[in-house]
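Below: the structure, in C-alpha cells.
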4 protein chains.
Amino acid sequence: MRSAAIAGRQTVPEAAPATTEEQIVRAAVRLFAERGFHATGIRQLAEQAGINSSTLYHYMGTKEDLLFRIVQDSSKRLIEAARQLTARELDPPAAICGLVQIHVWSHATYSAETAVVDNELRALDKPRREAAVRLRDRYEAFWSKTVEAGCARGDFRVPDRRIARLGILQMCSGVAQWYSPSGKLSLRDLVAAHAQMVLGALGASRDRDQVRTLLLEADAQPIADRVWSQP
Amino acid sequence: MRSAAIAGRQTVPEAAPATTEEQIVRAAVRLFAERGFHATGIRQLAEQAGINSSTLYHYMGTKEDLLFRIVQDSSKRLIEAARQLTARELDPPAAICGLVQIHVWSHATYSAETAVVDNELRALDKPRREAAVRLRDRYEAFWSKTVEAGCARGDFRVPDRRIARLGILQMCSGVAQWYSPSGKLSLRDLVAAHAQMVLGALGASRDRDQVRTLLLEADAQPIADRVWSQP
Amino acid sequence: MRSAAIAGRQTVPEAAPATTEEQIVRAAVRLFAERGFHATGIRQLAEQAGINSSTLYHYMGTKEDLLFRIVQDSSKRLIEAARQLTARELDPPAAICGLVQIHVWSHATYSAETAVVDNELRALDKPRREAAVRLRDRYEAFWSKTVEAGCARGDFRVPDRRIARLGILQMCSGVAQWYSPSGKLSLRDLVAAHAQMVLGALGASRDRDQVRTLLLEADAQPIADRVWSQP
Amino acid sequence: MRSAAIAGRQTVPEAAPATTEEQIVRAAVRLFAERGFHATGIRQLAEQAGINSSTLYHYMGTKEDLLFRIVQDSSKRLIEAARQLTARELDPPAAICGLVQIHVWSHATYSAETAVVDNELRALDKPRREAAVRLRDRYEAFWSKTVEAGCARGDFRVPDRRIARLGILQMCSGVAQWYSPSGKLSLRDLVAAHAQMVLGALGASRDRDQVRTLLLEADAQPIADRVWSQP
DNA sequence: CATGAATGAGGATTCATTCAT
DNA sequence: AATGAATGAATCCTCATTCAT
C-alpha cells in the first residue's frame, strides 16, 4: 500500500493558528483518506483534532455530515478550477493539458482530500451520495466536452470517447495514491509526464516539447493553487 | 476453502450446486466490493450467504482472514496469468497488449474480486497487508519488465517508466468501477480500446489495425479465462 | 410516592425456572413501572435480568419494542377478560361490578404491568402509540357499553356518560399506585369497596349487601386470574 | 424565580410581556407534562423558551431544581385553595363539593401543572421527593378530614375511608388527562358532574339539584381562580 | 444577561467472536 | 455441519452541566 503519499497539505504554509473547526476537518480528511470513513472512529477523530469527542458535535452534525462537507468542498474546488480553465477557450490539446495540470496537481498536493472524494462516496446515504455524484459529473463534464471537441476537430483520435474520458481521469487520479511531495519527483515533472501520457492515450501528437508548450499555454497551475487556497 | 468459489459471476456455468463455502466467499466478495470491508457486518455476510452468522466461523477464521484469502486468491490468479503470458516472450508491444487484455478482462469480468484487491488492502493488519503488497508487486513486476523492455528497444518512449507503469495500470483497473458486462459495450471492444490507449500513453505507434494484430498475437484472453476458472 | 405497591407478581407462584426472556420482561415491567421508560437504562435492565446488556438484543428488538410488547400483552389480557365477562350478558349493575372486579384485581395484582400501560404510552412512537390506544379503546368500549346499557335501563343515572366512564375507570386504576398485596387490606375488600363506590358514582343503589350479591353474581375474579395466568 | 410564571394558560390575560423566566417555566411545565421529565432535554427546553441552553442556568439551578419548583409551586396553590375553603367550615357535603370544584377546575385549567405534580414526582431525588410528598399529604389531609367528618356525621357512608379518599381524588385528577378547555363541555358542567359522582361514591344523597345547591354554597371557584392568579 | 465552546458520563445499539449444544 | 445464546468492547451520539467571554 502506498500510504506515504497521503501526507498532503504542507505545501501552502498557513500563518493563522488553526481553529478548532479547521483542526477537525483536517483530522477527518487525513483519517478518512488513510483508513476510510468506516474505519475511522469518532474518538480517533477527536483525538487527532485535539479535542474531546463530544466537542466534535458542536462543529459537525454527524460523522457523515462531516464527510459530505469534505466531499462537497473538494469537489467544488475542482469544478471551479475546471470552470476557470475552460473559460479561456483554449484549443482542445491545450485545454486537456490544463485539465491534467489541475487534476494531477490537486491529486498530488491535496491527495487526502481527493482520495476521500474518489473513494468514500459509497459511505454516504443515498441522497447525499447522489448529490456528490452530481458534483462529480459536473466536473467530468468539463473533461467530456474537451475530449469531444478534440475529437471533433481531429486533434484526438480515440476508439470510444467515454472510455477515453474515464481512462485518462482514472490515470490522473492515481497519483493521489502514491505521489509524495517530499520525494524527489517534482510536481512539474509529474504533471508533464501525465499530460504527455494523456495526449498519447488520446491519439494526439505528444512530442515532449509540444507538451511543454501546451502546458505553458494552459498555465493552469495558478488556477489550481488559487481554488485550493480559498477559505 | 476450495478457492474455486471465488469465481463470482460464472462465465462458464457450473453445474454443481454452490457449496456453503462458495456461497460465503461469493457473498464476501460482493459485499466487500460494494460497501467495503469495514462497512460489511458479519451478520449481513451470513445473511447473504444464507446461513447463520456463527456458521461463518466454521469456514472463515476471522473476517479479516476471509478478506486476506480473497485478496490472495485473486492476486495469485492475476500473477499466474501474467506469468503464463510473459513466458511466451512476445515483443514488448504485443506483451503489453496481452497484459492489458488480461487485466482489463479480469477487472471487467471479476470486478468485485479485483475491486477488493484494489481497495481493501488497508483493512488488513500489517503482516498481511505487506504480504498482499508483495503479491501486488510481483504482479506489477511483469508490467515493469515489459515497459522496461519496450523502452530499451525503442518501442516505447515515456518520460518516466515508473509513472508510466502506475498510470497505465491505474487506467486499466478503472473498468472494475464502471463496466457492466450486461451493457452493450463488448469485452472485446473494451479491451481493444484500452490496449490502444495504453500504447498511446507509452508513446508507441497505435494504429487501430496494429492494435488488433497485437492483441491477436498476444491472444491472452484464454489465459485469463483459464486462471479464473481454476479451482 | 406510593411505590411500595409496585412489587406485583408474587401472587401466582411459578414452578418453572424463569427463562432469560421471562427475566428480561419481568425486569422491564418492574423498572418501567418504578422509574418510567426513559429513566430506565438498558444496563440497569440487563443487570436486573441478570445478563449482559448486549444479550438483551437477542430477545427484544429495541427498548421501545420491549415496551410495546409489554403494553400489548397486558392490554390484551384485560380485553380478553372483559370479553369473557360481557359474554355472560349480565345485567348492567352486575356487569359493571364484574368489570370493576377484573380491573381492580388486575391493577392490584399486576400493578407494574398495568402501571406501564397506564403511564408509559407516550414513550411509544406514533404508530405504536396509536396501536396501543386502539387496544385501550377496545377495552374501554366494554365499559362504555355497560354504562350505556345501565343508563338506558334506568339502573344508572349519570350527568354525562363519557365523564362517568372516564371517572370510574380512573378511580379503579388508582389502586396500582398504592395497593400493596402484602398489606392487611384484602383484595376482596379492595374490590368490594371499589364496586360500591362505582355504583354510587353511577347513581345506582349501592347497599353493601347488594354489592356483595352483584359481585358474587359477576364472579369475575376467576376470569382475571385465568387471563393473567396464560402464557 | 417569580412564581407568577407558573400560571401557564392565563385565564386573566396579562398585559406584561412574558419575562424570560416565565417563558422558561412555561416551557418546562408544558414539556414535562407532555413528554415527561426524563424525555425532556435541556435543549428542547431552551428552544421552547426561545433562548440558548446555557442561559437556562441563570434561571433554574438544575433541571431537577426546576421540576421541584414547579411541583412545589403548584402544590402550594392547591393547598392554599383547600385551606381557604375549609376555613369556611362548611358542612361536609358542601365542603367536599368545594374541594372537587377546586381540584377539578385546577386540573382542567392547569392540566400541565397538575399533571407534572401527579406524574413526575418519581424523577425527584429522595429528599425532594419526600418534600413533595409531604406537600401532597398536606393537601390530601383536607380531603381526609372532610371525608372523616362526613362519615362521622352520617353524611357519607363508605366501606373504607382511605380507599374512598384515594378513589375520589384519583377520579377527579383524571380530567387533566383528557379535558380540553376548547371543547364544548363547559368547566361548570365538568365540575358538577364530578361533584355528583363523588357524592355518589361517598354514599351521599346526590340529587342533581342538591349538587347544584351545594356547589353554589361552596362557591369555591373564585378561590381556585385566585390562588392560580397570584404571583 | 446571554452565549458558544467545551466536556465527562452515559445513552442505546451493534460489533466480531466464542461456545455449548 | 450448524446454530442460538451469550458477551465485552466498541460503535455513534446525546446528556446535563460549566465556564470564559
Side-chain angles (χ1 to χ4, degrees), chain A residues 19-21 23-24 37-46 49-67 123, chain B residues 19-21 23-24 37-46 49-67 123, chain C residues 19-21 23-24 37-47 49-67 123, chain D residues 19-21 24 37-46 49-67 123:
Chain A
T19 68
T20 299
E21 185 162 23
Q23 283 183 292
I24 290 171
F37 177 79
H38 287 295
T40 300
I42 220 78
R43 272 140 168 119
Q44 291 164 52
L45 200 46
I51 55 170
N52 184 287
S53 64
S54 19
T55 307
L56 281 174
Y57 289 85
H58 271 282
Y59 294 94
M60 64 178 205
T62 301
K63 199 175 76 153
E64 203 185 318
D65 287 341
L66 181 53
L67 170 59
Chain B
T19 67
T20 299
E21 187 163 27
Q23 283 182 294
I24 290 171
F37 177 78
H38 287 295
T40 300
I42 218 77
R43 272 151 170 108
Q44 288 167 57
L45 201 47
I51 57 172
N52 182 287
S53 65
S54 337
T55 307
L56 280 175
Y57 288 84
H58 277 277
Y59 295 93
M60 67 176 203
T62 297
K63 197 175 84 157
E64 203 185 318
D65 288 342
L66 180 54
L67 170 60
Chain C
T19 68
T20 299
E21 186 162 23
Q23 283 182 293
I24 290 172
F37 177 79
H38 287 295
T40 300
I42 219 80
R43 276 146 168 113
Q44 291 164 49
L45 200 46
E47 194 193 8
I51 55 171
N52 183 287
S53 65
S54 19
T55 307
L56 281 174
Y57 288 85
H58 271 282
Y59 294 93
M60 65 178 203
T62 301
K63 199 176 78 153
E64 203 184 319
D65 288 341
L66 181 54
L67 170 59
Chain D
T19 68
T20 300
E21 187 165 26
I24 290 171
F37 178 78
H38 287 295
T40 300
I42 217 78
R43 271 148 171 111
Q44 288 167 56
L45 202 46
I51 57 171
N52 181 287
S53 65
S54 335
T55 307
L56 280 175
Y57 286 85
H58 277 277
Y59 295 92
M60 65 174 206
T62 299
K63 199 175 81 156
E64 204 184 317
D65 288 343
L66 181 55
L67 170 59

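The sequence lines fix the lettering, A, B, ..., with proteins before strands; numbering per chain opens at 1.
- Each of B:H58 and A:T20 was assigned the nucleotide of DNA chain E with the nearest heavy atom; the assignment lying further toward the 5' end belongs to A:T20.
- Atom CG of D:L56 is separated from atom CD1 of D:I51 by 4.0 Å, given to the nearest 0.5 angstrom.
- Taking the side chain as every heavy atom from C-beta outward, C:I42 and C:M60 approach each other to under 4.5 Å.
- In summary, contact between chain C and DNA chain F, defined as any nucleotide atom under 4.0 Å from a heavy atom of the protein, begins and ends at F:dA5 to F:dA10 in the 5' to 3' direction.
- Here CG of A:L67 is found 11.0 Å from OG1 of A:T62. Values are rounded to the nearest 0.5 Å.
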Give me the distances for all protein-to-nucleotides 12-14 of chain E N/O pairs that come in under 3.5 Å?
{"from": "E:dA12", "atom 1": "OP1", "to": "C:T40", "atom 2": "O", "distance (Å)": "3.2"}
{"from": "E:dA12", "atom 1": "OP1", "to": "C:I42", "atom 2": "N", "distance (Å)": "3.4"}
{"from": "E:dA12", "atom 1": "OP1", "to": "C:K63", "atom 2": "NZ", "distance (Å)": "3.0"}
{"from": "E:dA12", "atom 1": "OP2", "to": "C:I42", "atom 2": "N", "distance (Å)": "2.8"}
{"from": "E:dA12", "atom 1": "N7", "to": "C:R43", "atom 2": "NH1", "distance (Å)": "3.2"}
{"from": "E:dT13", "atom 1": "OP2", "to": "C:Y57", "atom 2": "OH", "distance (Å)": "2.8"}
{"from": "E:dT13", "atom 1": "OP2", "to": "C:K63", "atom 2": "N", "distance (Å)": "3.1"}
{"from": "E:dT13", "atom 1": "O5'", "to": "C:Y57", "atom 2": "OH", "distance (Å)": "3.3"}

(request) Would you write the dot-bracket representation of DNA chain F, where each base gets (, ), [, ], | or . depending on whether it forms a Watson-Crick or G-U pair under 3.5 Å and with which partner? (result) .||||||||||||||||||||
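- If you take CD1 of A:I51 and P of E:dG4, they are 18 Å apart, rounded to a whole angstrom.
- For C:E47, there are no side-chain hydrogen bond (donor to acceptor under 3.5 Å, both in side chains) partners two or more places apart in sequence or in a different chain.
- When the side-chain hydrogen bond (donor to acceptor under 3.5 Å, both in side chains) test is applied to D:Q44, the partners found at least two apart in sequence or on another chain are D:R35.
- Atoms CZ and OG, on C:R43 and C:S53 in that order, are 5.5 Å from each other to the nearest 0.5 Å.
- In this structure C:S54 satisfies the side-chain contact (heavy atoms from CB on, under 4.5 Å) test together with C:N52, sequence neighbours excluded.
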(request) Please step through side-chain contact (heavy atoms from CB on, under 4.5 Å) for the pair A:Y59 and A:L66, ending with a clear verdict. (result) CA-CA 9 Å; A:Y59 294 94; A:L66 181 53; over 6 Å; no
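- Taking the side chain as every heavy atom from C-beta outward, A:I24 and A:T55 never approach each other to under 4.5 Å.
- Residue pairs meeting the salt bridge (charged side-chain N to carboxylate O under 4.0 Å, His left out) criterion with at least one member in residues 52-64 of chain A, sequence neighbours excluded: A:E64-A:R128.
- B:L56 has its CG atom 10 Å from the P atom of E:dA16, to the nearest Å.
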